[in-house]
Amino acid sequence: MTSSVIVGMEEEEEDPSTKPLGRLSVFYYGVGHMLNDITASCWFTYLLLFLTQIGLSPRDAAIVMLSGQVADGFATIFIGELIDRFGHFKIWHAAGSLLVAISFSSVFGGCLPCSLLHNNSSTIETLSYSMFAAIFNIGWAATQVSHMAMVNCITLNSTSRVALTSSRNAFSMVANLGLYAIALVVFGVSEAVTKENTESQYRWIAYSSITVGCCFVVIFLMGTKEPRLRINLRETSRARIPWSYWFRKILYYQVAMVYLLTRLVLNVSQAYLAFFVIDDLQMAQSAKALIPAIIYVCSFVVSVMLQEIPWNGKRLKAYYCAGGIIWIFCGISILLLPRSINSYMYAISVFIGIANAVMLVTSISMQSVLIGSKLGGCAFVCGSLSFLDKMSCGLALYVLQSHQGTSPKVDVNIKEYFYFSVTRYGLGLVPAVCSLVGVVVTYFMELDSTILKPLCQPLLLE
């Protein structure tokens with residue numbers, strides 16, 4: 001009996017699906033989401049700002065944002081189901097990237113129907129931007145779901161799965177930094193005096209972002225092979241798994257809640273960061289690019305460091321809770337930060353960057369723990385959790401943006417004051433509360449720490 005166990009262990013160790021991946025494989029995978037990341041960063045950071053600067057009301061701007069998020073949410077469900085049925089991750093990825101590249105320039109490229117109809121009414125503008133926002137997000141969803149689900153079919157090694165996620169997040173930070181470098185140059189060399197100037201600024205940012213992102217998509221498609229994982233499991237483990245299987249698992253709801261809350265923290269804070277820096281703190285215009293850049297530099301460094309850690313379920317929980325606690329303190333600091341000491345925002349942004357990276361990498365890695373070796377439902381899990389993320393973020397931003405500009409001014413002292421504004425709530429209170437709830441849910445989560453192979457092996461060996 002002992003000898004059979006030893007033989008079984010040797011066979012498992014020889015299984016290539018559980019061996020650590022090489023660094024080059026992790027690199028090629030990591031760059032595959034760069035186009036999505038750089039366009040999403042532009043979407044959440046500058047869309048509301050752009051739409052209000054060209055004359056749309058805060059509510060109309062929120063409608064455009066919500067239309068994109070709703071289209072993205074429903075697309076993730078259907079695309080996830082289709083990927084589980086038919087596979088071909090790279091085809092879905094390429095098709096989605098193509099749709100993103102074609103449609104994104106129209107989101108920031110001015111109102112095309114307005115030019116064709118010679119009508120610049122706010123209704124036509126809102127419908128036009130909403131239509132292109134929906135098309136863009138459908139392509140974005142195809143790329144996201146195929147790329148996220150691919151992790152689970154590339155390897156069964158849990159440490160390497162976290163390494164892939166960390167690499168993806170690290171290059172996400174590179175994409176965001178690239179966006180802010182582009183924005184810093186564009187905002188520095190041109191002034192937005194008129195509506196046409198504003199549209200021209202953001203059009204150049206969009207074109208540059210698409211060009212950079214497409215280059216990395218080509219690298220991904222050339223360097224990454226279509227996942228064809230063949231593991232020593234029963235055929236039923238590779239067959240398509242019905243939705244009801246996941247709905248019966250408590251861990252599915254816990255992971256979904258943690259992922260949803262994490263995305264709310266990141267996306268809502270990102271959407272209101274530029275507003276808060278310029279309107280509430282009245283910092284220099286360059287700060288709306290510099291402060292996000294600091295956040296992403298810190299996130300990049302942390303994401304790289306996370307790749308070198310051997311992971312198990314307890315460590316995922318511990319790191320997520322640590323990131324959530326950091327964000328809680330950051331949120332409180334933002335709520336109480338007066339304009340007179342706005343330079344402290346640079347220090348706060350360092351800790352936001354650290355917390356963002358830790359929370360995002362660990363929350364996504366929890367999905368891989370949930371999926372385990374049930375590869376027949378990996379795309380559905382990623383798609384359904386993304387659906388919850390898109391819908392909740394869209395609704396949250398719509399509600400917040402609908403009340404933008406209605407908050408009263410609160411006197412702090414005779415000379416200096418600040419607003420308890422929607423912007424301050426969106427950047428401080430909402431992420432802090434979501435982080436708190438996420439920490440509580442994670443604390444009571446039971447994660448399996450023994451998935452096929454212990455997570456104590458050296459990472460990313462060739």
Taking atom [atom1] as the centre, does [X] end up with more than 12 heavy-atom neighbours from other residues, nucleotides or ligands that are less than 6.0 angstrom away?
{"X": "Met345", "atom1": "CE", "answer": "yes"}
{"X": "Tyr252", "atom1": "OH", "answer": "yes"}
{"X": "Tyr443", "atom1": "OH", "answer": "no"}
{"X": "Phe444", "atom1": "CZ", "answer": "no"}
{"X": "Phe78", "atom1": "CZ", "answer": "no"}

Separation between [atom1] of [X] and [atom2] of [Y], rounded to the nearest 0.5 Å:
{"X": "Gln144", "Y": "Ser97", "atom1": "CD", "atom2": "OG", "value": "12.0 Å"}
{"X": "Arg168", "Y": "Asp37", "atom1": "CZ", "atom2": "CG", "value": "6.5 Å"}
{"X": "Leu266", "Y": "Asn356", "atom1": "CG", "atom2": "CG", "value": "4.0 Å"}
{"X": "Ile205", "Y": "Ile210", "atom1": "CD1", "atom2": "CD1", "value": "12.0 Å"}
{"X": "Gln270", "Y": "Leu397", "atom1": "CD", "atom2": "CG", "value": "10.0 Å"}
{"X": "Ser130", "Y": "Ile135", "atom1": "OG", "atom2": "CD1", "value": "11.0 Å"}

[X] versus [Y], closest heavy-atom pair with distance:
{"X": "Ala357", "Y": "Ser303", "result": "CB-OG, 3.7 Å"}
{"X": "Gly426", "Y": "Leu400", "result": "CA-CD1, 4.1 Å"}
{"X": "Ile348", "Y": "Cys330", "result": "O-SG, 4.1 Å"}
{"X": "Gly30", "Y": "Phe171", "result": "O-CB, 3.5 Å"}
{"X": "Leu436", "Y": "Ile328", "result": "CA-CD1, 3.7 Å"}
{"X": "Ser392", "Y": "Leu260", "result": "OG-CG, 3.6 Å"}

Give a yes or no on whether the backbone of [Y] and the side-chain of [X] come within a donor-acceptor separation of less than 3.5 Å.
{"X": "Ser105", "Y": "Ala206", "answer": "no"}
{"X": "Ser103", "Y": "Leu99", "answer": "yes"}
{"X": "Trp140", "Y": "Asn36", "answer": "yes"}
{"X": "Tyr29", "Y": "His147", "answer": "yes"}
{"X": "Asp72", "Y": "Ile138", "answer": "no"}
{"X": "Lys90", "Y": "Thr224", "answer": "yes"}
{"X": "Ser41", "Y": "Asn176", "answer": "no"}

Side-chain donor-acceptor pair present, Asn137, Trp43, cut-off under 3.5 Å: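 No donor-acceptor contact under 3.5 Å links the two side chains.
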Exercise: do Tyr259 and Arg263 side chains pair donor with acceptor under 3.5 Å: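 Looking only at side-chain atoms, Arg263 and Tyr259 do form a donor-acceptor pair, the distance falling under 3.5 Å.
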Taking the side chain as everything from C-beta on, heavy atoms only, tell me whether [X] gets closer than 4.5 Å to [Y].
{"X": "Leu48", "Y": "Thr52", "value": "no"}
{"X": "Lys249", "Y": "Tyr245", "value": "yes"}
{"X": "Met445", "Y": "Leu251", "value": "yes"}
{"X": "Asp389", "Y": "Asn267", "value": "yes"}
{"X": "Val26", "Y": "Arg23", "value": "no"}
{"X": "His33", "Y": "Met148", "value": "no"}
{"X": "Leu273", "Y": "Ile295", "value": "yes"}
{"X": "Tyr202", "Y": "Ile54", "value": "no"}

Check the angle between the aromatic planes of [X] and [Y] and answer parallel, tilted or perpendicular using the 30° and 60° thresholds.
{"X": "Tyr296", "Y": "Tyr180", "answer": "parallel"}
{"X": "Phe136", "Y": "Phe104", "answer": "tilted"}
{"X": "Tyr272", "Y": "Phe275", "answer": "tilted"}
{"X": "Phe50", "Y": "Tyr129", "answer": "perpendicular"}

Aromatic ring proximity Phe220/His93, centre distance under 6.0 Å: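 Between Phe220 and His93, the centre distance is under 6.0 Å.
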Phe351 and Phe329 aromatic centres sub-6.0 Å: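 No, the ring centres sit 6.0 Å or more apart.
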